[in-house]
Amino acid sequence: MTETTGRVTAAVSMTVPVQGDGTGDTASPAVGRPAGHAHAATHLAHDTAPVSRARVVGRFLAHLAEMVVVMVLGMLALAPAWDLAGAALGVEAALARPDVGAVVMVLDMVAAMTVWMRVRRHGWPAIWEMNAAMAAPFAVLLALFWAGAATAGDLMLWGHVLMVPAMAGAMLLRPAEYTQHVHGFDLAWLGRRWPVLLGLALLACTIAGGVGGLPPWLILGVALVYPVVGLVRRSIRGRSMVLLQAAGLAVFAVVALLATAFAGQDTGAYVVAAGLVGHAVWDAFHHRAGAVVWRWYAETCVVYDLLLAAAVVAVTFAS
């Protein structure tokens, strides 16, 4: 604790607390400001007053406690969704395995942490670091479990115990992120994530209809949306974009043909899943570029494609 306190306190003494988006921005003290900025300078001088070590450590521990609560709530809130999905897909036995259950639990906690930290205006680098810290203990313990060096009880017990210091370690990589910045809440970002909910709703409808017999031409069908929408919207502009769309359509057509050739076999199902993952990458590229289709459509499709691919693999593996 002494070393941790020293690192956090040192970070506070070198930077000035500012309100921001949690990306690690700092500000320099006001020098040579006009008289009209006297109030701001006075406020800044107040902010740069020495902060007690106890207060710094208190902020750090409060932020860590906040993260732990979010982690637990995410696990509890999302667990029923896995139960429903497992029953609909007929993979309850697979989800009951200790290693699979551990992976699912980590995914739940990571999903909740990602949303919470983004709403709290943390930067993406800090979010990825926190997610990696949460997953790292379970990754090591899973390897030991598969090697026969750890039991299912060890996996669950020590995975949770070690996760908290791992999260604290991730926070120490950016002490100012968790002791200085006033993050607030970015509820507008959360409101813009409605395409994710749409993708989840479409996925629920698909799962309700069964994913064991998805048609092989599904890949070609979803791939055709891009050129069709692009022609209607006239959003395919330039020779390079035309060639890119043609190449993408050709690749997904080949995937659809392969899936058709192996229809009714496990290989065919895995080809469909691979095609869905490939299309999710295609969606992500267009979403980032803001090209051809609506951004909301690309975002919806990323969620739908990835989770549907996971469902296809789970059902095929469990059968």
Report yes if some heavy atom in the side chain of [X] is under 4.5 Å from a heavy atom in the side chain of [Y]; otherwise report no.
| X | Y | value |
| --- | --- | --- |
| Glu177 | His63 | no |
| Leu244 | Trp282 | yes |
| Leu308 | Thr206 | yes |
| Trp294 | Val229 | yes |
| Met71 | Val68 | yes |
| Tyr270 | Val313 | yes |
| Leu220 | Leu249 | yes |
| Met171 | Glu129 | no |

| said: Ring-plane angle category for Trp124 and Trp128, please: parallel below 30°, perpendicular beyond 60°, tilted otherwise. | reply: parallel

| request: Measure up the Tyr226 and His286 rings against each other and bin them: parallel (under 30°), tilted (30 to 60°), perpendicular (over 60°). | output: tilted

Distance-only donor-acceptor pairs under 3.5 Å for side chains of residues 152-166, two or more places apart:
residue	atom	partner	partner atom	Å
Asp154	OD2	Thr151	N	3.1
Asp154	OD2	Thr151	OG1	3.1
His160	ND1	Met156	O	2.7

| In terms of side-chain heavy atoms, does Asp283 have a donor or acceptor partner in His287 at a distance below 3.5 Å? |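 Absent: no donor and acceptor within the cut-off.
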
| message | Quiz question: by atom type and distance under 3.5 Å, do the side chains of Asp108 and Trp82 form a donor-acceptor pair? | response |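 Asp108 vs Trp82: donor-acceptor pair found between side chains.
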
What's the shortest heavy-atom distance between [X] and [Y], and which atoms?
| X | Y | value |
| --- | --- | --- |
| Leu142 | Ala102 | CD2-CB, 4.5 Å |
| Val292 | Gln245 | CG2-NE2, 3.6 Å |
| Ala309 | Val277 | CB-CG2, 3.8 Å |
| Thr114 | Asn131 | OG1-ND2, 2.9 Å |
| Thr179 | Arg59 | O-NH1, 2.8 Å |
| Met241 | Ala291 | CE-CB, 3.9 Å |

What's the spacing between [X] [atom1] and [Y] [atom2] if we round to 0.5 Å?
| X | Y | atom1 | atom2 | answer |
| --- | --- | --- | --- | --- |
| Tyr304 | Leu198 | OH | CG | 11.0 Å |
| Leu202 | Leu307 | CG | CG | 11.5 Å |
| Arg192 | Arg295 | CZ | CZ | 10.0 Å |
| Leu84 | Ile207 | CG | CD1 | 10.0 Å |
| Met105 | Leu78 | CE | CG | 12.5 Å |
| Met113 | Met134 | CE | CE | 4.0 Å |

For residues [X] and [Y]: do they belong to one hydrophobic cluster (side chain heavy atoms under 4.5 Å, members Ile, Leu, Val, Met, Phe, Trp, Tyr)?
| X | Y | result |
| --- | --- | --- |
| Val303 | Leu276 | yes |
| Met117 | Leu172 | yes |
| Ile127 | Phe60 | yes |
| Phe252 | Phe285 | yes |
| Phe317 | Val104 | no |

| said: Would you say the rings of Tyr178 and His122 are close, in the sense that their centroids are separated by under 6.0 Å? | reply: yes

| message | Checking the side chain of Thr300 only, and the main-chain atoms of Pro195 only, is there a donor and an acceptor separated by less than 3.5 Å? | response | yes

| said: Under a 4.0 Å threshold between the charged nitrogen and the carboxylate oxygen, would Asp186 count as salt-bridged to Arg118? | reply: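 Yes, Arg118 and Asp186 are salt-bridged.
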
| request: Decide if atom CZ of Phe262 counts as having more than 12 heavy atoms of other residues, nucleotides or ligands within a radius under 6.0 Å. | output: no

| Residues, nucleotides or ligands: over 12 heavy atoms within 6.0 Å of Trp194 CH2 |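 For Trp194, atom CH2 is crowded (more than 12 foreign heavy atoms under 6.0 Å).
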
| field | Set of residues satisfying side chain to side chain contact (heavy atoms under 4.5 Å, CB included) with respect to Leu243, sequence neighbours excluded | value | Arg239

| query | On the ring face of Phe185, is Arg120 found with NZ or CZ under 6.0 Å from the centre and within 45° of the axis? | reply | yes

